[in-house]
Every structure is written in structure tokens, then in C-alpha cells.
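What you see below is based on every heavy atom in this structure, not just the backbone, and it leaves out hydrogens, waters and symmetry mates.
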Amino acid sequence: MRNPYDVLGVAKGASEADIKKAYRKLAKDFHPDRNKNDVKAKDRFAEANSAYEILGDAEKRKQFDRGEIDAEGKPRATGFEGFGGGGFGGGRGGNFDFEGMARARQGGMGGGMGEDIFSHIFGEAFRAGGAGPGGQRGTPKGEDVAAELSVTLEQVASEEKLRLYLPTGREVDVVIPRGVVDGQTIRLRGLGQSAGPRGEPGDALLTIRIRPHPRFTVDGSDLRTTVDVPLEDAVLGGTIRVPTLTGAVEMKIPSMTSSGRTFRLRGKGLPRKDGNAGDLFATTAIVLPEGEDAALMEFARARRGAKAA
């Protein structure tokens, strides 16, 4: 796995917005639906998603920058300082005498002691010959599978748990993660095809599709909507009801509010990864009374006449 910054093509100091923008471009360019006959595109798509899993999560990004996890999100080895200064000839800073350990494995240090240490460090795969001459390198892994999950904005806002049916026939419950964007692919580790009793199962690559909403449009973690304002409230000021994903709220508007004026309702947007929420931007649209209003018509005529005079 390459460095996730290199995969997304961003600098180490890139902002969250730049990282998301770079990811969305790559996901769009290399999505399997658009590149059905391009095997390399599938690999680039999976690579971009793996990189975004690291850099799109503030905590994982810090861990990677500190060297605590690798590009796959796995904890990094911290070196073998415990062997330094003697015994096996290793200096401090993670240097390790593999030749000495190999000699010990052949009986030079107590008939198998070295092998036990190697097994402790590298796991039973080493004892079984996974790294030895003629041994099989690595553990076989099953194929990844692709799936899509269609969600509503309300489900994204409430971080709802949904039942997902995978191509493998398995049913799993998925909690919609904070900060998810339309078209984002999430890796569900170990939920792909089986590789047999000795192998490691593949992963499920779940693409999130956010359905269009009749009232709201999505702008990152923010939402935008249009609200009707009666003429008298627009002229005199008043309180109007604004729909949100969690129910309508009241909003005060000042007198002489024109159509097209936008108001911000903080925290009424979509959840973000940092635990906060985006905002809702409500744009006014003045609504005239239904039918003919004699008083209003007379007022308008008088006002027009006064301007013409």
C-alpha cells in the first residue's frame, strides 16, 4: 500500500476539504461502474478508498503522521530495542541481529530457542515454514466483493443502522458513518469471499449512494433549502417555520426581507467526522396572497402612482 498522501495526490499539510475533494475526484474517475473493462481502475479505486479511510479520519490521520499505523491502518512495529546492548548484538533504535537468531534457530543457542523467539515475534506462520525456503509466502486471501447502499438524508443525519445484503449471501447491520459523502466507498474488512479454512476472507467494498431529497440539496456537510415567506411577514418581520432533517424549527426574519435572502441555521446540516454538524442555509421566497386582494392592489396602485409623480 502506497503512502495515502501520494495516493490522493495531496500534501501532508492538506486541509480536510482538500483531502475530501481529491478523494471524490479519484473515486469518480476510477469507479468500477465507469470502468467495467479496466482492471487497473478497480485497483486505483480501492487504493483511493483505503487512503481516504486513513486521511479522511482525523484520529487515524494523526496516528499515521506519528508513525503509529501504516498505510493500511495496521499498527506499526516499534522496533526490537529490548534485544539491544548485548545478547544478540543489536544496537538501540531497532537494529536486530537476524543472523544470530538464525544460528540460534539451528541449535547454536539451546536447540530451538531461536525458533521459539521467531515464532513469538512473527507468529506461527514462521514456525510452519511460511518464511523459510520453499514455504508459502503470506496467507491466501479471498476476493473482495462490491455492494451499494442507498440511503436518505434523514438516515445519514440520524446515523441509522441499516440491514445490508452482501453478494456473498451474508446479511450484516451497517451503521452509517459520520461525514459520509455520496459515492464514498467504505471497506468492510473480512466480509468478502472466503479463502478456505486456512485463508483470510476478502473485504466488502460498500459504496454509499445518497438519494436526492425533495427539499434539501447537499453542499459538503451543509444543506440548502428554500422557504416560503408570506408577504406580510416579509414586510413587517415575523417568525416562520423552516424544515430540517430532524423536524421543523422556528426562525425569525427581520422586516423588509426580500426574496433570495439567505439565513444560516447552525448545526442543522449533516454530521461531520469531528462530531459536529454542518449548517442549514435557508433562502427566502416571498409568497403573495392567493386570489385577488383588493386592499393590497389599491396599496400597490397608490405606491406606483407616488413613484411616477
Side-chain angles (χ1 to χ4, degrees), residues 10 14-25 27-29 56 58 150-160 176-184 208-309:
V10 297
S15 67
E16 180 181 339
D18 288 339
I19 288 173
K20 182 180 292 187
K21 181 179 179 181
Y23 162 74
R24 295 183 73 173
K25 183 179 186 305
K28 181 179 180 181
D29 291 344
S150 177
V151 298
T152 65
L153 285 178
E154 286 83 359
Q155 290 170 330
V156 174
S158 63
E159 300 174 60
E160 186 174 336
I176 301 174
R178 283 178 169 268
V180 69
V181 297
D182 181 54
Q184 180 178 341
I208 303 295
R209 297 296 183 191
I210 300 178
R211 301 175 202 162
H213 198 281
R215 297 216 62 154
F216 304 103
T217 57
V218 180
D219 182 8
S221 60
D222 297 329
L223 297 174
R224 296 185 179 275
T225 190
T226 300
V227 290
D228 294 339
V229 180
L231 178 61
E232 58 271 24
D233 289 333
V235 174
L236 302 175
T239 300
I240 61 173
R241 290 181 66 79
V242 179
T244 75
L245 291 175
T246 55
V249 298
E250 292 187 340
M251 180 181 75
K252 291 184 177 181
I253 59 172
S255 60
M256 302 304 292
T257 294
S258 301
S259 279
R261 184 170 178 179
T262 299
F263 296 86
R264 181 199 297 262
L265 284 77
R266 296 189 181 277
K268 294 298 181 180
L270 297 174
R272 293 174 177 161
K273 287 187 176 182
D274 60 6
N276 297 316
D279 302 327
L280 171 63
F281 293 88
T283 301
T284 58
I286 296 175
V287 180
L288 296 175
E290 294 184 5
E292 186 172 321
D293 187 314
L296 179 59
M297 298 290 286
E298 183 60 30
F299 169 79
R301 292 191 189 98
R303 186 169 177 80
R304 179 186 290 176
K307 285 186 176 182

query = Can you check side chain to side chain contact (heavy atoms under 4.5 Å, CB included) on Val156 and Thr152, steps first, answer last?
reply = CA-CA 6 Å; Val156 174; Thr152 65; over 6 Å; no

Checklist line | Under 3.5 Å: donor-acceptor pair, side chain of Lys20, backbone of Gly56 | finding: no

Check: Under a 4.5 Å cut-off applied to non-hydrogen side-chain atoms, are Val227 and Pro243 in contact?
Finding: yes

Q. Just wondering, are more than 12 heavy atoms of other shown residues or ligands nearer than 6.0 Å to CD in Glu16?
A. no

(Q) For a 4.5 angstrom cut-off between non-hydrogen side-chain atoms, does Glu154 reach His213? (A) yes

Side-chain heavy-atom pair Val151, Arg211 within 4.5 angstrom cut-off: no

Problem set entry | Ser150 side chain reached by Gln155 side chain, heavy atoms, under 4.5 Å | no

Residues Asp228 and Pro230: closest non-hydrogen pair is O-CD, 4.1 Å

Closest non-hydrogen atoms of Val229 and Ala234, given as atom of the first, atom of the second and distance, are CG1-N, 3.8 Å

Value for CG (Leu270) from CD1 (Ile176), rounded to nearest 0.5 Å, stands at 10.5 Å

dist Lys252:NZ -> Thr257:OG1 (nearest 0.5 Å) comes out at 13.5 Å

- Please check if the side chain of Gln184 supplies one atom and the backbone of Val181 the other of a donor-acceptor pair under 3.5 Å. yes

Does Leu280 reach the side chain of Thr225, with side-chain heavy atoms less than 4.5 Å apart? yes

Exercise. Would you tell me whether Thr217 and Arg224 have side-chain atoms, one donor and one acceptor, within less than 3.5 Å of each other?
Key: no

One should read off an interatomic distance between Asp222 CG and Arg272 CZ, to the nearest 0.5 angstrom, of 6.0 Å

Does the side chain of Pro289 reach to within under 4.5 Å of the side chain of Leu296, using non-hydrogen atoms? yes

* **Side-chain heavy-atom pair Glu159, Arg178 within 4.5 angstrom cut-off** => yes

When rounded to the nearest 0.5 Å, the distance separating NZ of Lys28 from OH of Tyr23 is 13.5 Å

On a heavy-atom basis, the closest approach of Gly267 and Ala277 is O-CB, 3.8 Å

Going by atom types only, do Ser259 and Thr284 share a side-chain donor-acceptor pair under 3.5 Å?
no

Could you go through the side-chain hydrogen bond (donor to acceptor under 3.5 Å, both in side chains) check for Thr283 and Thr262 one step at a time?
CA-CA 4 Å; Thr283 301; Thr262 299; 2.9 Å; yes

Item to complete: Under the side chain to side chain contact (heavy atoms under 4.5 Å, CB included) rule, what do Asp182 and Val218 come out as? Steps first, then yes or no, please.
Response: CA-CA 9 Å; Asp182 181 54; Val218 180; over 6 Å; no

| request: Look at atom NZ of Lys21 and say whether more than 12 heavy atoms of other residues, nucleotides or ligands are closer to it than 6.0 Å. | output: no

| task | Quick one: do Leu265 and Met251 satisfy side chain to side chain contact (heavy atoms under 4.5 Å, CB included)? Show the steps, please. | result | CA-CA 8 Å; Leu265 284 77; Met251 180 181 75; 3.5 Å; yes

In this structure, CG of Asn276 is separated from CZ of Arg266 (nearest 0.5 Å) by 12.0 Å

When every non-hydrogen atom of Ala248 is compared with those of Arg241, the smallest separation belongs to CB-NH2, 3.3 Å

When rounded to the nearest 0.5 Å, the distance separating CG of Leu245 from OG of Ser158 is 9.0 Å

Heavy atoms of Arg264 and Phe281 approach each other most closely as NH1-CZ, 3.5 Å

Query raised in the report: Can you tell if the side chain of Lys268 reaches within under 4.5 Å of the side chain of Leu223, non-hydrogen atoms only?
Result: no

